[in-house]
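One structure below.
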Amino acid sequence: MASFNRLKNVLMLAFDCLLYGAGVAGHCRVTVAQPRFQQAHSSMNNVSLTCSFSASGCSSSPPEVLWFRFLTNTHQDLCTPACTDHRKYKVNLSGNNVLLEIKDLTEDDSAVYICGIAFSDSESPLSKQTGDGTVLTVTGKQHSNGKLIFMIITSSLLFLYSSAVLTSFMVYKKIHSGRKIFQAIAQELQKQRYAQHNQQPDDLEDDTVYQNR
């Protein structure tokens, strides 16, 4: 992050030197806004980065639009204002909105893209401003593999859940069947005890008759 800030400061100095010129609009003030993050997949083939600006006290002539790209330890001038690679980059200006179209999108296009707006006919230092930059993240096969892994994990969890439910159901059936068998055995024992209890008076009567004899 420190190297990024140093590069940005150097770029701003070069930016001011490049666009500094004499003019009458000395109170021109420009503000530039960019979205902080944007994601894209390489299968999209192209992506458009947005940039908006507002101008106060500036001339009615359209401003110059510049785009820069920051990589890990360096920066590249993409469009200043002419684009270095017309097949790869294209700038569209409509009112106060700017689009940078990036074609043939690959993972190597992941970088910080900074939009610059300059009214070169003004001496005011505020007439030349840049946005905070948009962090473009382009994903490809790694993202697809991650999605596949996520689907595999989800399927495995669903399988484990189904297995657990099935096992619980089988255990419940066994316990339920065991209860039925236990109840049947208990009923049979109760019947036998009842039968023995009904036979005891006859046995006692026979013993009494035998003793009297």
Side-chain angles (χ1 to χ4, degrees), residues 1-23 25 28-55 58-59 61-146:
M1 182 60 69
S3 60
F4 170 76
N5 290 330
R6 286 196 297 269
L7 284 171
K8 185 177 179 181
N9 292 333
V10 172
L11 178 63
M12 284 299 300
L13 291 174
F15 183 62
D16 291 338
C17 292
L18 177 66
L19 296 177
Y20 184 82
C28 177
R29 182 183 181 91
V30 176
T31 57
V32 182
Q34 290 182 252
R36 295 304 304 272
F37 303 98
Q38 186 165 339
Q39 290 186 342
H41 195 275
S42 58
S43 61
M44 296 172 59
N45 194 30
N46 59 59
V47 67
S48 294
L49 303 181
T50 61
C51 170
S52 61
F53 69 93
S54 62
C58 303
S59 64
S61 59
E64 292 185 347
V65 179
L66 303 96
W67 281 92
F68 310 93
R69 182 172 78 162
F70 279 89
L71 301 173
T72 305
N73 295 314
T74 185
H75 80 275
Q76 296 176 344
D77 299 337
L78 302 182
C79 303
T80 58
C83 295
T84 57
D85 188 348
H86 294 281
R87 295 182 179 180
K88 181 71 175 179
Y89 305 105
K90 182 180 179 181
V91 176
N92 295 312
L93 174 62
S94 176
N96 290 355
N97 297 311
V98 180
L99 288 179
L100 174 66
E101 184 179 359
I102 306 174
K103 302 177 181 179
D104 299 327
L105 197 63
T106 66
E107 295 180 55
D108 294 333
D109 291 318
S110 297
V112 181
Y113 291 81
I114 294 181
C115 171
I117 301 295
F119 286 86
S120 58
D121 58 354
S122 173
E123 293 181 351
S124 172
L126 298 179
S127 65
K128 298 171 281 291
Q129 296 293 321
T130 64
D132 292 332
T134 298
V135 179
L136 175 63
T137 303
V138 182
T139 56
K141 294 182 179 179
Q142 292 181 353
H143 181 73
S144 299
N145 291 338

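These figures come from a predicted structure and were not determined experimentally.
Remark: T50 engages P35, L99 in a side-chain contact (heavy atoms from CB on, under 4.5 Å) (not counting sequence neighbours). By the side-chain contact (heavy atoms from CB on, under 4.5 Å) test, S43 pairs with H41, sequence neighbours left out. The side chain to side chain donor-acceptor pair (under 3.5 Å) search around S94 returns none, not counting sequence neighbours. For K88, the salt bridge (charged side-chain N to carboxylate O under 4.0 Å, His left out) partners two or more places apart in sequence, or in a different chain, are D109. With sequence neighbours left out, the side chain to side chain donor-acceptor pair (under 3.5 Å) criterion links S110 to no other residue. A search for side chain to side chain donor-acceptor pair (under 3.5 Å) contacts involving Q38 returns nothing, not counting sequence neighbours. In this structure T84 satisfies the side chain to side chain donor-acceptor pair (under 3.5 Å) test with no other residue, sequence neighbours excluded.
Annotation: side chain of N45 is not in contact with side chain of L105 (no heavy-atom distance under 4.5 Å). A heavy-atom distance below 4.5 Å is found between the side chains of Y89 and L100. The closest side-chain heavy-atom distance from V98 to I117 is below 4.5 Å. No side-chain heavy atom of P81 sits under 4.5 Å from any side-chain heavy atom of V91. The shortest side-chain heavy-atom distance between S52 and N96 does not fall under the 4.5 Å cut-off.
The two residues Q34 and D132 come nearest to each other via the heavy atoms OE1-N, 4.0 Å. For the residue pair Q76 and L71, the shortest heavy atom distance occurs at NE2-CD1, 3.7 Å. Closest heavy-atom contact between S61 and F119: O-CE2, 3.3 Å. The shortest heavy-atom contact between D108 and R69 is O-NH1, 3.8 Å. Listed here is the closest heavy atom pair of N92 and K90: OD1-CE, 3.6 Å. Nearest heavy-atom pair across W67 and T80 is O-CG2, 4.5 Å.
Listed by first and then second residue, the disulfide (SG to SG under 2.5 Å) pairs involving residues 63-95 are C79-C83 (not counting sequence neighbours). Residue pairs that meet the disulfide (SG to SG under 2.5 Å) test with at least one member in residues 96-135, sequence neighbours left out, are C51-C115.
Applying the 6.0 Å contact sphere to CD of Q39 captures no more than 12 heavy atoms from other residues, nucleotides or ligands.
S127 places a side-chain N or O within 3.5 Å of a backbone atom of S124 that can act as its donor or acceptor partner.
Here the CD1 atom belonging to I102 is positioned 4.0 Å from the OH atom belonging to Y113, to the nearest 0.5 angstrom. The structure places CE of M44 at 9.5 Å from OG1 of T139, a figure rounded to the nearest 0.5 Å. If you take SG on C28 and NZ on K128, they are separated by 8.0 Å, rounding to the nearest 0.5 Å.
The aromatic rings of H75 and F68 lie perpendicular to each other, with more than 60° between the two planes, well past the 30° mark.
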